[in-house]
Amino acid sequence: MNRRNLLKIASSATATALVTTKESTAAQQVARATRGTPTPIIKDVQVIATAPAGLRLAVVKILTDQDGLYGYGCATFTQRADLVVAAVDRYLKPFLVGKPADRIDDTWQACYNSSYWRNGPVLNNAISGVDQALWDIKGRQAGMPVYQLLGGKCREAADCYGHAGGAEIQECVDSARQYIAQGFRHVRVQVGVPGMAGYGAGRSGVNVKALHNAPVFEPAAYIRRALKLFEECRKQLGDEIELCHDVHERITPTQAIQMCKDVEQFRLFFFEDPLSPEDIAYYRIIRQQCATPIAMGELFNSPHEWTPLIAERLIDYIRVHVSQAGGLTPCRKMAAFAEHFNVRTAWHGPGDVSPIGHAANVALDLACYNFGVQEYSAFNQRTREVFSNCPVMKDGYLYANEAPGWGIEVDEKAAKKYPFGNEPGERGKLNGGWGEIRKRDGTLIKQ
Ligand code: GCO
Ligand code: MG
């Protein structure tokens, strides 16, 4: 019945009651839809520094002037976490307190420009913590998970790859089998190099002889070993399993060109970081010589790194560490840009991303059409003690938890049980930083 008819019969008490009920219901509906829209003002900006899995995580918490309205954002740069904490405390907090919490991109731009010099890992991670916290607040206000604020689902869940590794080839193949048994359709395979410091794999044998005492890595020995690994994986695991591999920027550009050609026969799902960010111009040569799918991006901080690779279609998967690029706001723009060039996403998702950061990955995974694959690292029991409702892993798929915002609460008392400074070995001595890896002759390897 339309409003005019309603008003016609408005004379009788019942009718009046009917109009009042309808309007009050309508008013309630409007109030519910615009709940929390008196602009929330940033009241405090804090950083939760915790290492429940022995890797330094930094999470920004933004509190607003509306009781119970706050949000979390991942700001994790594990090798320089103390500097990110200082960048938030000393610079972003005084810059933000008193500002509105509901202007996300504007706040991002203001923080990004407030240091004048920009596009560096420390400041980008600090800004990411703020950015993701504002998205969390927006979701909590709207009563929606962040992926809904980005436009809703393009898929039910994010198809993931796990990390299979081993000091010996058979150990890695067996580890891959475990992921396949858990339902994973994609597995990253990494194997150690006897006597050397391999990436993503254990070490075996006695240290090779060198002119120094640092861990040794010889690119050529790694390449020979990796090619044998892929051959064995295909022989034992078959063609169906999607294999990924991370070179981790440890070989020369010409070795990278050759290795990309050599691995073409193994039909990898992707071949990650064959080049360092400083050498990305060589991708033009690799692209002309083989069809091996390339993934690159976790080390990128600036649009000047990813835009040419995407625009020239020199990579297949953009693998940015979301907080390293400045947070959800720049990465959703990056994903949209990449879609036009059919470059797909494969957000960085190792153990040194907090569950908040993994939730941001999943929000992008679900809402962006050009999703490729999601890197997955399991959350150990201590991490789950600190972060409730971590994204759910099932049959090799990662699911959003469907609660408003990221849907994650941080138990700050539990976080304090795992302070920075208790990391094992060299990482502890170096405040979460990495040591050196060198060739036999002492030449430093970018690791
Ligand atoms: C990956 C990465 C990581 C990085 C680590 C650095 O592909 O997951 O290469 O393993 O080495 O995140 O801190
Ligand atoms: Mg990597």
Side-chain angles (χ1 to χ4, degrees), residues 51 53-58 74-84 121-122 124-125 128 158 160-165 172 175 179 184 186-192 197-202 215 217 222 226 242-251 256 268-277 279-280 293-301 305-306 309 315-325 345-355 357-358 360-361 372-379 383 398 420 423-428 430-437 445-447:
L55 290 167
R56 297 187 177 205
L57 307 176
C74 187
T76 298
F77 171 12
T78 200
Q79 289 82 354
R80 294 295 183 272
D82 292 327
L83 302 185
V84 175
V122 172
N124 278 6
N125 274 281
S128 166
C160 291
Y161 70 88
H163 293 169
C172 178
S175 164
Y179 278 103
F184 281 78
H186 305 75
V187 183
R188 185 186 81 176
V189 289
Q190 307 289 142
V191 70
Y199 163 72
F217 182 87
Y222 147 74
E242 297 287 5
L243 298 175
C244 304
H245 180 72
D246 192 349
V247 178
H248 221 262
E249 65 168 338
R250 293 190 174 190
I251 60 181
L268 300 184
F269 181 79
F270 72 47
F271 197 55
E272 178 184 350
D273 289 8
L275 296 172
S276 296
D279 295 326
I280 53 180
I294 302 290
M296 179 85 190
E298 69 185 51
L299 278 162
F300 287 171
N301 311 291
E305 294 172 300
W306 60 77
L309 284 190
I315 57 174
D316 300 275
Y317 299 93
I318 183 68
R319 264 199 44 73
V320 154
H321 180 95
V322 167
S323 60
Q324 191 82 0
T345 64
W347 306 111
H348 190 227
D352 45 306
V353 170
S354 74
H358 283 281
N361 285 347
V373 72
Q374 176 57 54
E375 180 174 17
Y376 172 68
S377 298
F379 307 109
T383 303
L398 210 49
F420 290 178
E423 295 81 11
E426 199 171 46
R427 276 185 188 242
L430 299 175
N431 296 312
W434 281 5
E436 304 151 34
I437 291 180
I445 287 276
K446 282 187 203 167
Q447 52 176 314

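One-based numbering, in listed order, for ligands and for the atoms of each.
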Requested in this report: May I ask you to test the Phe184-Tyr376 pair for a side-chain heavy-atom distance under 4.5 Å?
Outcome: yes

Report task. Could you pull out the closest heavy-atom pair between Ala201 and Gln190, with the gap in Å? Result -> CB-O, 3.7 Å

**Report entry** Asp246 N/O to ligand 1 N/O under 3.5 Å
**Finding:** yes

Requested in this report: Tell me whether the guanidinium CZ or amine NZ of Arg250 lies under 6.0 angstrom from the six-membered ring centre of Phe217 and within 45° of its axis.
Outcome: yes

Requested in this report: Give the residue and atom name of whichever protein heavy atom lies nearest to atom 8 (O) of ligand 1, and the separation in Å to one decimal.
Outcome: Glu375 OE2, 2.4 Å

Report task. Check ligand 1 against Glu298 and write out every atom of the ligand that is under 4.0 Å from a heavy-atom position of the residue. Result -> 1 (C), 2 (C), 3 (C), 4 (C), 7 (O), 9 (O)

Query raised in the report: Any ion pair linking Asp82 and Arg56 (charged N to carboxylate O, less than 4.0 Å)?
Result: yes

Query raised in the report: Which of parallel (below 30°), tilted (30 to 60°) and perpendicular (above 60°) describes His348 and His321?
Result: tilted

Query raised in the report: What are the two closest non-hydrogen atoms of Asn301 and Asn124, and how far apart are they?
Result: O-ND2, 2.9 Å

Report task. Using non-hydrogen atoms of the residue, decide whether Arg319 is closer than 4.0 angstrom to ligand 1. Result -> yes

Query raised in the report: Do any N/O atoms on Tyr161 end up under 3.5 angstrom from N/O atoms on ligand 1?
Result: no

Report task. May I ask you to list the atoms of ligand 1 that are less than 4.0 angstrom from any heavy atom of His248? Result -> 4 (C), 9 (O), 11 (O)

Query raised in the report: Below 3.5 angstrom, do we get any N/O pair linking Trp434 and ligand 1?
Result: no

**Report entry** Enumerated ligand 1 atoms positioned under 4.0 Å from heavy atoms of Arg188
**Finding:** 1 (C), 7 (O), 8 (O)

Query - Donor-acceptor pair between Ser323 and Asn125 side chains, under 3.5 angstrom - result: yes

**Report entry** Metal site angle (apex the Mg ion (ligand 2)), OE1 from Glu298 and OE2 from Glu272, 10 degrees
**Finding:** 80°

Query raised in the report: Nearest protein heavy atom to atom 10 (O) of ligand 1, by residue and atom, and its distance?
Result: Tyr199 OH, 2.4 Å

Requested in this report: Run the contact test for Glu272 against ligand 1 with a 4.0 Å cut-off on heavy atoms, strictly below, and give the result.
Outcome: yes

Requested in this report: Check ligand 1 against Gln79 and write out every atom of the ligand that is under 4.0 Å from a heavy-atom position of the residue.
Outcome: 6 (C), 13 (O)

Report task. For the residue pair His163 and Glu375, confirm or rule out a side-chain donor-acceptor distance under 3.5 Å. Result -> yes

**Report entry** the Mg ion (ligand 2) to Asp246: nearest N/O/S atom name
**Finding:** OD2

Query raised in the report: How are the rings of Phe270 and Tyr317 set to each other: parallel, tilted or perpendicular (split at 30° and 60°)?
Result: tilted

